[in-house]
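First listed ligand is number 1; within each ligand, the first listed atom is number 1. Just so it is clear, the structure is predicted and the values come from calculations on it, not from any experiment.
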Amino acid sequence: MEAFLIKGGRPLKGKVGVSGAKNAVLPLMAAALLTHEPCTLEGVPHLRDVRTMTALLKALGAQVKREGERITIHTSPSSAWEAPYNLVKTMRASILVLGPMVGRLCKAKISLPGGCAIGVRPIDLHLKALEKLGANISLEEGYVVATCPRLKGNTVYFDKVTVTGTENILMASVLAQGDTILENCAKEPEVQELAQVLRAMGASIKGEGTDTIRIHGIEELKGYHHRVMPDRIETATLLIAGAITGGEIEIEGVIPQHVEAVTQKLREAGVDLQVERERIKVKGHNRPRAVDVTTLPYPGFPTDVQAQFMALMTLAQGTSVITEKIFENRFLHAAELQRMGAQIKVEGNKAIVKGVEGLKGAPVMATDLRASASLVLAALAAQGTTWISRIYHLDRGYERLDEKLAPLGAHIERVKEKP
Ligand code: EPZ
């Protein structure tokens with residue numbers, strides 16, 4: 001396993017680009033299962049989760065070719081229809097093959113994803129929606145088995161806003177017979193991009209980005225050739241890197257609208273931001289002010305930026321209250337930040353963060369993807385050296401973040417973890 005060795009206390013300065021969005025690439029790769037025509041995605045980052053989705057699609061009979069930042073997927077008509085546990089257990093987003101498989105093959109067998117560090121993360125809403133569309137769902141030895149003569153359009157109401165739930169059922173319904181109405185949908189940009197690509201494939205979809213999406217089922221879909229959107233969570237992470245180190249970073253190739261909830265909070269904290277059409281300049285000259293944050297579905301403050309923002313608040317003037325409303329256990333980074341001198345009290349879904357003058361480097365452990373990003377940010381700001389173990393969590397969702405930060409002046413080294 002690998003670790004990061006970071007010598008902190010150096011303001012980051014310079015320009016940095018943002019990779020393609022992990023949480024857009026994964027559903028778009030799964031969408032290739034809806035057609036027998038080739039599908040090409042441009043701007044695909046080199047991430048562990050992309051490699052896992054590639055392996056999963058191959059296990060389902062697809063040919064997947066990777067050339068640099070381009071991936072081409074070509075499913076075979078006699079696609080296999082079982083998503084094996086060994087792959088699904090490493091990436092929850094594997095569940096995204098369920099909808100397209102049931103929609104196109106009228107059958108699917110996929111291992112239950114199991115929980116993860118940040119919560120139980122059930123898929124009950126995915127299954128309930130598929131049953132509403134006429135699928136027979138059974139649980140057999142840890143696998144979900146879904147079959148149907150052909151899905152039939154219906155009205156589906158999501159009890160909770162679910163990103164991959166909305167994406168799964170959107171993909172299932174585009175080939176269903178008749179009309180489907182999805183209520184209480186997720187509005188994330190990644191959901192909207194999936195709908196736009198499905199429409200380019202020939203699907204009849206209206207209303208993405210609102211609570212209600214209407215789909216008219218058709219017989220078959222064409223392939224797609226699409227460049228994926230920039231990663232808004234990486235954008236937010238890099239903005240906070242500039243702020244927390246008191247540096248000056250220009251982040252290029254971004255969509256500012258996708259990070260509005262974050263830039264607004266950073267401004268409230270006194271961070272100087274200059275927003276242009278496709279770039280944002282961040283200057284973190286002064287110590288940030290403490291501000292409260294509550295995570296909400298898009299366009300609210302993203303739960304995937306909560307850990308990174310907490311790192312910033314550990315150095316703020318005053319006390320901030322961070323409320324996590326999406327996942328039940330997404331404060332694992334708090335204990336690690338405390339090892340670096342942060343003063344954080346976790347009470348249920350709230351973390352009370354009392355800002356301190358400075359953090360000190362220490363050995364810490366990454367527990368999940370965004371927690372590991374939070375530790376990197378804290379280490380960049382801390383005085384002294386920080387050793388972050390289990391950095392494989394970070395590589396799931398950030399494309400060689402160390403190689404992006406080093407040219408900005410970060411002293412960050414990827415090392416082999418001591419046995
Ligand atoms: C997506 O996960 C993202 N992953 C997550 O990003 C992100 O944190 C999350 O949405 C929330 O924005 C991808 O897009 C691949 P949900 P997802 O279904 O779809 C509950 C990252 O860091 N729920 O929107 O799995 C669930 O437990 C990852 O890149 C049910 O109860 O999240 C959670 O409390 C982490 N039953 C809430 O809804 C269900 O059937 C929102 O989950 C489905 C969800």
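- Each of the atoms 15 (C) of ligand 1 lies under 4.0 Å from some heavy atom of A93.
- Residue contact check: H126 has heavy atoms under 4.0 Å from atoms 40 (O) of ligand 1.
- Taking every non-hydrogen atom of I123 and a distance limit under 4.0 Å, the qualifying atoms of ligand 1 come out as 39 (C), 40 (O).
- Counting protein heavy atoms only, atom 34 (O) of ligand 1 is closest to I326 O, 2.5 Å.
- Contact atoms of ligand 1 toward K22: 21 (C), 29 (O) (distance under 4.0 Å to a heavy atom of the residue).
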Check the pair E190 / R232 against side-chain contact (heavy atoms from CB on, under 4.5 Å), numbers first and verdict last.
CA-CA 10 Å; E190 295 80 8; R232 61 193 171 97; 2.7 Å; yes

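- Counted by atom type alone, H74 and E37 present zero donor-acceptor pairs between their side chains at under 3.5 Å.
- Looking at atom 35 (C) of ligand 1, its nearest protein heavy atom turns out to be R330 NH2, 3.6 Å.
- The nearest heavy-atom contact from the protein to atom 24 (O) of ligand 1 is V163 N, 2.8 Å.
- For atom 36 (N) of ligand 1, the closest non-hydrogen atom on the protein side is D124 OD1, 2.7 Å.
- Atom numbering of ligand 1 starts at 1 in the shown order; those under 4.0 Å from a heavy atom of D304 are 5 (C), 6 (O), 7 (C), 8 (O), 21 (C), 22 (O), 28 (C), 29 (O), 35 (C).
- Distances below 4.0 Å separate heavy atoms of L125 from the following atoms of ligand 1: 36 (N), 39 (C), 40 (O).
- Taking distance alone, with nitrogen or oxygen atoms compared against 3.5 Å, T303 stays at or beyond that limit from ligand 1.
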side-chain contact (heavy atoms from CB on, under 4.5 Å) between R414 and E403, worked out:
CA-CA 9 Å; R414 184 183 284 264; E403 294 174 18; 5.8 Å; no

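- Checked options N349, D368, T303; the residue passing with R330 is T303 (criterion: side-chain hydrogen bond (donor to acceptor under 3.5 Å, both in side chains)).
- Between Y85 and Y143, the distance separating the two ring centers is not shorter than 6.0 angstrom.
- Nearest-heavy-atom check against atom 44 (C) of ligand 1 across P122, G165, P297 picks out P122.
- For the pair R289 and E268, the salt-bridge criterion is not met [side-chain N within less than 4.0 Å of a carboxylate O].
- Ligand 1 has a nitrogen or oxygen under 3.5 angstrom from a nitrogen or oxygen of N23.
- Some N or O of R370 is nearer than 3.5 Å to an N or O of ligand 1, by distance alone.
- Atoms of ligand 1 lying under 4.0 Å from any heavy atom of V161, numbered from 1 in the order shown and given with element: 24 (O), 41 (C).
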